[in-house]
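Report on one structure; see the data block that follows.
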Amino acid sequence: MVYGSRDDVVSKILDSHTDNANSLIKEAQSTLFQEAVQKAWNEIDFSGIVNKLNGKKISYNFYDIQEEILQWIKELELYKEGKENEIEKMDNPSADEKLENTRVVGDIKKIISVYEKLKEKAHEIMEEYEDAVRVYRSPLRQALNDITLLYNSVKDSKGDFSDFENVSVYMHGIESDGEGFLDSAVEAAEDGDIIVYHSRSGEKEYYIAYSDENGNVSVDIDDPLTFEELKTKEEYLSHKGRMHLVYDTEHENEHRQETSDDLAEELNEMGLLNDKTEIDLFGHSYGGRRSFQFAMDYPDSVRSITTIGTPYNTNTLGKGANPLGGKTRLINPDEYSGYQDFNTENQRTDDGVSHSNVYTDMKSETMSDAVDQIEETNPEVYQQLQEMDITAVAGDDKFDSDLVVSVKSQHGDKLGNIIDERLRYDVDTIGHLNEVNNEEYIDLISEVNKTE
Amino acid sequence: MGTFQFDKGLPGEISSITAKMDDVFDVVFEQMVYFRQELELHSGKAANKMQKNMEEDIDFFSKASFSLMTFVETTKRFVTAVDEVDEGNDGSSASFATRAERQYEYSPAKAMNEIVMDPLPLEEATDGYASNLEDLDEMLTEFSEVLDNIIDNTKFPWAAVDEIWPDAKEQITFVINEFQDRVQKMMKESWTLIEELERVDSMISAQMLELNY
């Protein structure tokens with residue numbers, strides 16, 4: 001409530017703000033925003049806000065709204081500063097003059113405070129909208145990926161790696177990156193193979209495997225090529241060798257569906273989701289689940305899956321880590337990647353935001369749940385899974401576990417004959433962490449990579 | 001990023017066209033799968049070419065329908081969810097068909113299973129084929145308008161979508177145009193196809209009669 005009449009200049013400023021606010025309301029066509037503005041205007045005892053939304057199009061952009069409100073605040077701050085300076089510069093201002101000045105400055109401060117609250121409310125509205133639609137982000141991306149695939153197929157569009165017919169993709173696990181697998185890929189590579197390391201930043205490094213006169217294959221890991229350099233090499237131009245993609249997920253602990261969506265986009269762009277290219281997937285730990293998800297989503301492209309240390313069942317780490325809010329020193333159970341699963345059991349809420357990640361997945365779903373759902377909803381894909389070569393390797397530290405995941409879970413017993421072969425390799429006492437560089441596993445990778 | 005923009009009328013438009021599309025598409029698709037199977041009984045260059053074309057069209061129709069329908073259904077749910085929140089209601093989603101489920105819905109294998117379960121006599125399959133194609137063509141025109149509305153007026157609030165949206169718009173337009181071109185080509189060739197199918201069917205029937213004598 002403004003006691004006495006409002007300062008003329010402040011009223012003029014508020015007139016222009018009212019026009020701006022009505023433009024924002026007209027643009028946004030959001031009931032929530034209109035109500036928030038109306039409430040703010042009531043608090044500052046000013047009228048003129050439109051109360052009807054007639055438009056057919058909603059266009060809510062919080063950042064534009066924020067910028068506008070900040071302008072209003074700036075304008076008022078400037079005038080307030082002027083008024084404060086005015087009274088300071090006066091020689092012996094009267095009590096009335098001081099009182100009037102205090103009143104005007106007080107009114108401006110109040111308006112600014114209401115504007116700050118309005119800005120926060122506008123942000124809350126954006127968050128409410130985002131919360132309501134987060135689940136649709138993944139299906140939308142999948143649909144757009146599928147449209148791109150079809151478009152490329154009809155147009156016969158090629159990517160930079162389209163003519164590589166045999167591709168290995170290496171998928172790391174939680175709290176990790178692809179560096180371990182890079183070493184494995186290097187060891188398993190054959191003469192003429194190309195290795196691409198897709199790092200978390202999105203940058204790519206390229207390597208070529210060469211053999212010497214004795215047939216020993218090596219890769220100069222300290223001297224990666226740029227793509228421009230790779231393009232000039234015979235090994236790239238001939239497309240004869242295998243292409244190895246060592247893939248860092250964008251977020252360490254993103255849910256397998258998020259990884260599958262990202263990987264599909266990446267492979268699409270590289271020209272590797274096509275009728276000719278066959279992909280062999282290698283997954284360590286949760287990377288095995290990520291590989292499985294990709295295979296369920298794009299079974300036409302996947303020839304085999306070979307996992308080690310993968311928790312196919314629900315997992316103690318998943319169950320135990322989830323209640324932890326905020327980061328611990330070792331793990332990040334609250335890491336957010338933008339993905340939210342439709343299954344409410346496969347979600348957690350951090351800072352009011354509901355989302356899903358590796359920890360919610362390991363707590364709530366077994367891979368056999370996911371495969372059972374596929375069997376029910378798409379028998380064709382289920383059959384393709386049965387026909388894929390799938391090997392589950394268990395690291396065993398002689399206590400039926402690799403310290404983190406039990407042999408039973410690594411073998412995915414509940415998946416039955418979906419898994420063709422179950423192997424057991426000896427690992428040391430911190431086995432899970434080193435499995436990806438296990439010599440027997442690398443030999444297995446080499447063996448699988450011979451498939452054409 | 002952080003921008004929500006769409007035409008408020010989209011959910012109604014999408015519901016209306018997808019219901020009609022589904023009905024017409026199901027019938028045409030089943031007929032196509034049936035004809036492909038029938039054409040396997042035929043020999044000769046012309047028949048082989050027809051079968052190959054039919055195979056390619058079935059593959060395209062399956063993938064185009066599945067991806068475009070998933071796209072519009074997701075968009076519809078997205079718009080509805082924001083609207084619900086704006087009206088002060090709970091915007092949380094009811095269950096939504098997974099990609100795998102929807103992919104199977106438009107799969108030739110599923111259509112084939114349905115034919116096996118409920119076999120079609122040739123006459124029934126060919127009857128109305130041409131007019132069904134015309135209906136599908138009309139539906140695709142309407143569907144294309146809805147897609148244009150989404151493309152021209154919708155912004156999704158996600159960076160991951162923002163990055164690919166410019167290309168996606170062009171690709172969506174291409175796919176729907178390609179869909180419609182193929183349907184129109186099939187309309188022109190439908191009588192040739194039906195004549196060929198009926199010719200061989202008559203021939204087989206005549207041979208069966210001779211054998212019985």
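A, B, ... follow the sequence lines: proteins, then strands. Residue 1 opens every chain.
- Residues A/P379 and B/Y104 are in side-chain contact: their nearest non-hydrogen atoms beyond the backbone lie under 4.5 Å apart.
- Both the backbone and the side chain of B/A64 come within contact range of chain A, each with at least one heavy atom under 4.5 Å from a heavy atom of that chain.
- Here the CD atom belonging to B/Q103 is positioned 10.0 Å from the CD atom belonging to A/Q142, to the nearest 0.5 angstrom.
- Between B/F156 and A/Y136, the ring center distance fails the sub-6.0 Å criterion.
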Give the C-alpha distance, both sets of side-chain angles, the deciding distance and a yes or no for side-chain hydrogen bond (donor to acceptor under 3.5 Å, both in side chains) between B/S67 and A/D146.
CA-CA 6 Å; B/S67 56; A/D146 287 327; over 6 Å; no
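- Only the side chain of B/T98 comes within contact range of chain A, with at least one heavy atom under 4.5 Å from a heavy atom of that chain.
- Side-chain contact between B/F71 and A/L144 is present, with at least one heavy-atom pair separated by less than 4.5 Å.
- In terms of heavy-atom pairs under 4.5 angstrom with chain B, the leader among A/T377, A/L32, A/I58 is A/I58.
- Contact annotation for A/I374: only side-chain heavy atoms (C-beta onward) come within less than 4.5 Å of a heavy atom of chain B.
- Using a 4.5 Å cut-off on side-chain heavy atoms (C-beta onward), A/K155 and B/F174 make contact.
- For the pair A/P139 and B/T70, the tightest heavy-atom approach, listed with the atom from each and the gap, is O-CG2, 4.3 Å.
- Taking A/E380 as the reference, nothing meets the salt bridge (charged side-chain N to carboxylate O under 4.0 Å, His left out) condition, with sequence neighbours excluded.
- No donor-acceptor distance shorter than 3.5 angstrom exists from the side chain of B/D86 to the backbone of A/S30, with no hydrogens or angles considered.
- Atom CD of B/E84 is surrounded by more than 12 heavy atoms from other residues, nucleotides or ligands within 6.0 Å.
- Only the side chain of A/R141 comes within contact range of chain B, with at least one heavy atom under 4.5 Å from a heavy atom of that chain.
- At least one side-chain heavy atom of B/E170 sits less than 4.5 Å from a side-chain heavy atom of A/Y151.
- A/D297 and B/R99 get closest at one heavy-atom pair: O-NH1, 2.7 Å.
- Contact annotation: the side chain of A/V154 approaches that of B/E178 to within less than 4.5 Å [non-hydrogen atoms, C-beta and beyond].
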Apply the test side chain to side chain contact (heavy atoms under 4.5 Å, CB included) to residues A/Y60 and B/T3: give CA-CA distance (whole Å), side-chain angles for both, the deciding distance (0.1 Å), then the verdict.
CA-CA 6 Å; A/Y60 189 83; B/T3 301; over 6 Å; no
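- When each of A/V381, A/I125, A/T344, A/T148 is checked for heavy-atom pairs under 4.5 Å with chain B, A/T148 comes out on top.
- Heavy-atom pairs under 4.5 Å with chain B were tallied for A/E35, A/Q29, A/E376, A/M296; the largest tally goes to A/Q29.
- Inter-residue side-chain proximity for A/L150 and B/F60 is flagged as met; some heavy-atom pair is nearer than 4.5 Å.
- Contact of B/D83 with chain A is made through the side chain alone, with heavy-atom distances under 4.5 Å.
- In this structure the side chain of A/K57 never reaches within 4.5 angstrom of the side chain of B/K8, judged on heavy atoms.
- For CG of A/D351, the number of neighbouring non-hydrogen atoms (other residues, nucleotides, ligands) closer than 6.0 Å is 12 at most.
- A/Q383 CD: 12 or fewer foreign heavy atoms inside a 6.0 Å radius.
- Only the side chain of B/E87 has a heavy atom closer than 4.5 Å to any heavy atom of chain A.
- Atoms OG and CG, on A/S59 and B/N153 in that order, are 10.0 Å from each other to the nearest 0.5 Å.
- Using a 4.5 Å cut-off between heavy atoms, B/I164 contacts chain A through its side chain alone, with no backbone atom that close.
- A search for side-chain hydrogen bond (donor to acceptor under 3.5 Å, both in side chains) contacts involving B/Q180 returns B/D137, B/T141, not counting sequence neighbours.
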Before you tell me yes or no, could you show the steps for B/F4 and A/F62 under ring pair (Phe, Tyr, Trp, His ring centres under 6.0 Å), namely the whole-Å CA-CA distance, both residues' side-chain angles and the distance that decides it to 0.1 Å?
CA-CA 9 Å; B/F4 290 79; A/F62 163 70; over 10 Å; no
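- Only the side chain of B/V161 comes within less than 4.5 Å of a heavy atom of chain A; its backbone N, CA, C and O stay farther away.
- Counting heavy-atom neighbours within 6.0 Å of B/K169 NZ, excluding the residue itself, gives a total above 12.
- The minimum heavy-atom distance between A/L140 and B/T74, with the atom names listed, is N-CG2, 3.8 Å.
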